[in-house]
Every structure is written in C-alpha cells, then in structure tokens.
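This report refers to the structure that appears directly beneath it.
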Amino acid sequence: MFRWASHRTLTDERSRTERSEPPRSKRRTLLIAMSLLLLTAVMALAWSAPDVAAQRGRHKLTDRNAIVINVPRRTPEELAARAASRRGVVDITQAVAIAQAVAIARQDIERARSLSDPRYLGRAQATLAPWWVLQNPPPDVLLLRATIKQSLHEFHAARTDLDQLVRARPKDVEAHLTRAVVATVSGDYNAARESCASLAALSATLLATACTAPLDALHGRERDAYEQLAAQLARTRVTDPALRGWITTILAELAIQVGAWDLATSHLRSVLAATPGDLYALGLLADLLLASGEPARASIVLAGHEEVDGMLVRRAIAELQARGNEADALIAEARQRFVAAGARGDRIHLREEARFVLDIEHDPRRALGLAVENWAVQRELADARLLASAAVAARDPAGLALIGGWVTATGVRDVQLERTLARKR
C-alpha cells in the first residue's frame, strides 16, 4: 500500500524545512571546493619549492655549531592552531569521501528499486562499507543503511537506525517519511503516525498528507483519505514528476480500495505516461487488468519486464489465464528463480512466491504457509489480500482467524478483501 518514495523527490521539502542551515548540496560543493583548493595549494608548493638536491651542492656546512638562522619558538597557541588545522584537513577529506560514497550508494539504491534487483543493494552496502558497522555513522550513511535494510525486509534493524537518526536530526524530512513507511509496512501504525505528525510540524504539508492517507485508509477512512490527498495535490505546485507520480500512485491505491477501478486505472496511466519505467505503477495496472478478467491485456503491458520477479509472476499468471503461447516458459522461469532464491536463503519475495504457488501451482496449503511467513514480516494491504485468498482457498480456520483478527483490529474496508472473505461462507 505504501510505496517507497524516491530520495530525489524529497529535495525540495528538505530544503524548505532546513532553512536554518545551508542546503546539503551546497555544503558538499563547498567541501569539494575547499579540497580542490588544498590540492591546488599543494601542487603550487611543489612547483615553486626550490630544488633541494641542486642547492645541496652549493651550501655545505663545515661547522656543526654554526647558526644559519634563528627561528622563534612556536607558542602553545600556534601549536594548537596547527593541530586544529591538520584535523580540519582530515575532516574535510572525510566529509568529501562520505558525500561521494552517499551519492554513489543512492544511485545503486534507485537502481535496485527500479529494477527490483537486490544485487544493487549489495553494491550500495559495499560503497558504504567504511561506515556500515559503526554504531554512530554519519547521518546520511545512517539513512541509507536503514533504507537498504528495509529493502531487504530487515525492518526491525531499519527502525533502530531510523529512530536513532530522527533523534540526531529531527528536521530531516526524508528520515521521518522513511520511518513512517517502515512502521506502516511492519504494522506499527502508532509509530507511523508519529512520523507523519513530525512531517506536518516541519511544514511538509503534501508529504504529511501522503504519509497519513494510507494509514487512514487502513483504519476505515479510505474515502476521506482519497479526497484530502487529491485536494492537497491539486493546490500544491509539484514540478518533480517522480514526486507527483508517487502521490498519484497512492491515489490509485486508495481508489482500488474503494472499488473505483476506472479512476485507479486513469491515475496509473497518467503516472506511466510521465514515467514509463515506473514498474510499481505498471504492476498495479496489471493487477487491475487481471482482476477485471483481462489477462491478455495484462500480459501485453507486462511484456519486456520479466527480469523483475513480481512482473514475471504476474505475466505468467496472465499468460496461463489467457492460454498464451508463453505460459509454459514463463512458469518454468519463475519456478527456477524461486528455487534459486530458496537455495541461497533469500526470502525477500515471499509475497510473489506465495502468489505463484496459489495461482499457478494451485497449492493453497503451501501458498498459505508462504503467505503466513510473509505476513510475519510485512503487513501491507496487498499482503492481507494474499493471506485471505490463500486461507479461503485452503479452508484453513487458523489462517482465516489471523486475517480476520487484523481486519477487526484495524477497521479496514477493502472491496477485494471483503469479496475474498465472503467466499468462506
């Protein structure tokens, strides 16, 4: 339900809420410029320094006691100043190294998100290796470490880092939003609302509304959530297509929740028109087409994106339902990927595997086991729908009680979930 916001989409909001300090990009530019000045100074000294080897032949001291020049002793204050200067050079060099590493790691995290390829997360972690194991790494590293951990579904560890970060940098919009996302996915709705409230206090109004909308929708206020977010987006000037796309996708998810599928489709197509490579929106559109009984169209929109596990599973389902020529090959490829993931202990794609086992292998009992394992890690609405479908198909009282308890506790209202649970009677 709560899609990850791109780091780039938060730049404008962070600059508005951190007016008391220079923008981070300017600080980095300043640090790099100072480093270049230092390098230039060193090179200038190298070029202008006298040729010591040549001078040695001209001036030979014959008397060890001869005094060439009297140099005044350095005062304690001067020694302290020089020591501070040396530390400053080290600090500047370190700051530049951190800024460069953070920039590179961010790029790899974005690639991991757009391609759904966790190998890029490994590359980002390797880039941050000098600071990764530190108890108190630099704040930007701490944020990316938490981001990587949540992407690997290590939500508890990510929350620990984010809690530490918001204490150290309470005006960091990105930190609060990421914390809200992690808390929502893991079912800690009170903590998520705390972070959303912090965004509102920082005058990040649009982000705060986008933050609370999925939470409100999970607690029976889905129509109000849609109207408030749509109104806020309409009166806010948003020039970043990634930010607009993220918020429009939330609107699409809210529309799906109330059964307004035509409206949701319109939202998703507008996102894909602006950002054709948005695989999250593409996956939602394919799900709508499958739910609407249009598997052939779903297969068409998914074609060419099979390198992503979620897209591959959806297209395999679509081809199977449409009796397409590629069904067997796609099913074999998906099965092979899940076997390989299990062999290496990768449990990131439990949701996709459970859906594959349920809709393609038609093994509801095994699918339910995977769905329950996935539910223990993440509790988005998509996970609830999957758990309900598997529990109903398996006619499992314990699974039905698990999802039923969550529905009662949250007060969530969702058209697809209600239809699924109605089949148990």
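What you are looking at is a predicted structure, and each value in this text was computed from that prediction instead of being measured. For the numbers below, each heavy atom of this structure counts, side chains included, while hydrogens, waters and symmetry mates do not.
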Pair E110-Y120, side chain to side chain contact (heavy atoms under 4.5 Å, CB included): steps then yes or no
CA-CA 9 Å; E110 293 297 336; Y120 286 102; over 6 Å; no

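- For the atom pair CD of E319 and CG of L330, the computed distance is 6.0 Å after rounding to the nearest 0.5 Å.
- When all heavy atoms are compared, the tightest approach of Y280 to E253 is OH-OE2, 2.6 Å.
- With sequence neighbours excluded, the residues satisfying side-chain contact (heavy atoms from CB on, under 4.5 Å) with T410 are Y189, H219, W406, V412.
- Residues N190 and E194 bring no donor and acceptor atom of their side chains to less than 3.5 Å of each other.
- Residues L207 and L199 share a closest heavy-atom pair of O-CD1, 4.1 Å.
- Scored by the salt bridge (charged side-chain N to carboxylate O under 4.0 Å, His left out) test, R344 finds D346 as partners (sequence neighbours excluded).
- Remark: E333 engages R337 in a salt bridge, criterion side-chain N to carboxylate O under 4.0 Å.
- For R221, the CZ atom counts as densely surrounded, since its 6.0 Å shell holds more than 12 non-hydrogen atoms of other residues, nucleotides or ligands.
- Tested against D287 for a salt bridge (Lys or Arg N to Asp or Glu O under 4.0 Å), the candidates R314, R385, R315 yield a single pass: R314.
- A donor-acceptor pair shorter than 3.5 Å cannot be found between the side chains of D108 and Q125.
- For the atom pair CD1 (I148) and CD1 (I109), the distance works out to 4.0 Å, reported to the nearest 0.5 Å.
- Here the CD1 atom belonging to I348 is positioned 5.0 Å from the CG atom belonging to L152, to the nearest 0.5 angstrom.
- Taking the side chain as every heavy atom from C-beta outward, L143 and L162 approach each other to under 4.5 Å.
- A367 and V357 get closest at one heavy-atom pair: N-CG1, 3.6 Å.
- The two residues V271 and G245 have their closest heavy-atom pair at CG2-O, 3.7 Å.
- Remark: R193 engages D216 in a salt bridge, criterion side-chain N to carboxylate O under 4.0 Å.
- Using a 4.5 Å heavy-atom cutoff, the side chains of E353 and D309 are not in contact.
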Using side chain to side chain contact (heavy atoms under 4.5 Å, CB included), reason through V313 and I317 one step at a time and then give a plain yes or no.
CA-CA 6 Å; V313 169; I317 294 171; 3.9 Å; yes

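- Minimum heavy-atom separation, G310 to E352: CA-CG, 3.7 Å.
- The residues R179 and D172 are annotated as not salt-bridged, no charged nitrogen and carboxylate oxygen being separated by less than 4.0 angstrom.
- Here the side chains of R351 and L386 are in contact, with some heavy-atom distance below 4.5 Å.
- Nearest heavy-atom pair, A354 versus A371, reported as atom, atom and distance to 0.1 Å: CB-N, 3.9 Å.
- Between D163 and R159 there is a salt bridge, since a side-chain N of the basic residue sits under 4.0 Å from a carboxylate O of the acidic one.
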